[in-house]
Amino acid sequence: MTVNWNCIPNSFFQREVTQVAPDLLGKLLVRHFDDGTIVKFRITETEAYRGGDDKACHANKGLTPRTRVMFEEGGLVYVYLIYGMYWMLNFVTGKAGDSSAVLIRGVEGISGPGRVGRALQLNKSFYGENLATSERIWVEDAGTKSKYITAPRVGIDYAGEPWISKPWRYIVT
DNA sequence: GGAATGATAAAG
DNA sequence: TTTATCATTCCG
């Protein structure tokens, strides 16, 4: 069964995270639920988390079992349970060893990254899911380009400057 | 402003 | 083992 014939190839994600993040805006996040229902969400807000120097990126605190997938090649899913109740949805970007990822911060009709995870009924089984081969979650090109603005990222005060001020948050206008 | 709520990581 | 820390959201 090829329900995801239109999914974006992994090569899309294997670029600079600061390019992938704005490119994801306006694209369709597709969720195939266990009961067969397919729902498509238009991505309206993303944030780039760059490996290497960026202290706001989880992977920068050190390679752990949880952040390991970010060191893999782009096109994988990184899900993270925050505050014990919300699953954050991230896409791993870059080549193997780059430890970069894009946080899906908002989709159309839903504001807030925690609510995105709840709407998608995410759980830890999505950790490491490959967007190109998954039959549960993937991304499609909507064929449209969206205008967007940039802004500083949210909720990363612990990272300190200059990372707090980096305009790596992308919002569809 | 502060609580809810659970996995993770670091310390003892 | 315990404790502090969260890429958040909702209620007052």
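Residue numbers start from 1 in every chain, and the chains themselves are labelled A, B, ... in the order their sequence lines are given, proteins ahead of strands.
Candidate nucleotides C:dA7, C:dC6, C:dT9 were compared by shortest atom distance to the side chain of A:Tyr83, and C:dC6 ranks first.
Classification of the A:His58-A:Tyr80 ring pair by plane angle, with boundaries at 30° and 60°, yields perpendicular.
Residue A:Ile110 contributes atom CD1, which lies 15 Å from atom C1' of C:dT8 at whole-angstrom precision. Distance CD1 (A:Ile164) to P (C:dA7): 12 Å, rounded to an integer number of Å. Distance CD (A:Glu45) to P (C:dA7): 16 Å, rounded to an integer number of Å.
Contact annotation: A:Arg169 does not reach the phosphate of C:dA7 (side-chain N/O to OP1 or OP2, under 4.0 Å). Contact between the side-chain N/O atoms of A:Tyr158 and the OP1/OP2 oxygens of C:dA7 is found at a separation under 4.0 Å. For the pair A:Arg118 and C:dT8, the criterion of a side-chain N or O lying under 4.0 Å from OP1 or OP2 is not met.
Where DNA chain B meets chain A (any atom under 4.0 Å from a heavy atom), the bounding nucleotides read 5' to 3' are B:dA4 to B:dA9.
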Revision key, fill the gap. For DNA chain C, the dot-bracket notation using Watson-Crick and G-U wobble pairs below 3.5 Å, [ ] for pseudoknot-type crossings and | for other-strand pairs, is ||||||.||||.

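Nucleic acid contact for A:Gly114: sugar-phosphate only, since backbone atoms but no base atoms lie under 4.0 Å from a heavy atom of the residue. Using a 4.0 Å heavy-atom criterion, one finds that A:Leu81 contacts the sugar-phosphate atoms exclusively.
DNA chain C is contacted by both A:Arg115 and A:Glu47; A:Glu47 maps to the nucleotide lying nearer its 5′ end (nearest heavy atom per residue).
For DNA chain C, the neighbouring residues in residues 86-101 of chain A, judged by any heavy atom under 4.0 Å, are A:Tyr86, A:Met88, A:Asn90.
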Practice item. Go through the steps for A:Arg50 and A:Asp98 under the test salt bridge (Lys or Arg N to Asp or Glu O under 4.0 Å), then give the verdict. Key: CA-CA 8 Å; A:Arg50 189 116 104 95; A:Asp98 276 2; over 6 Å; no

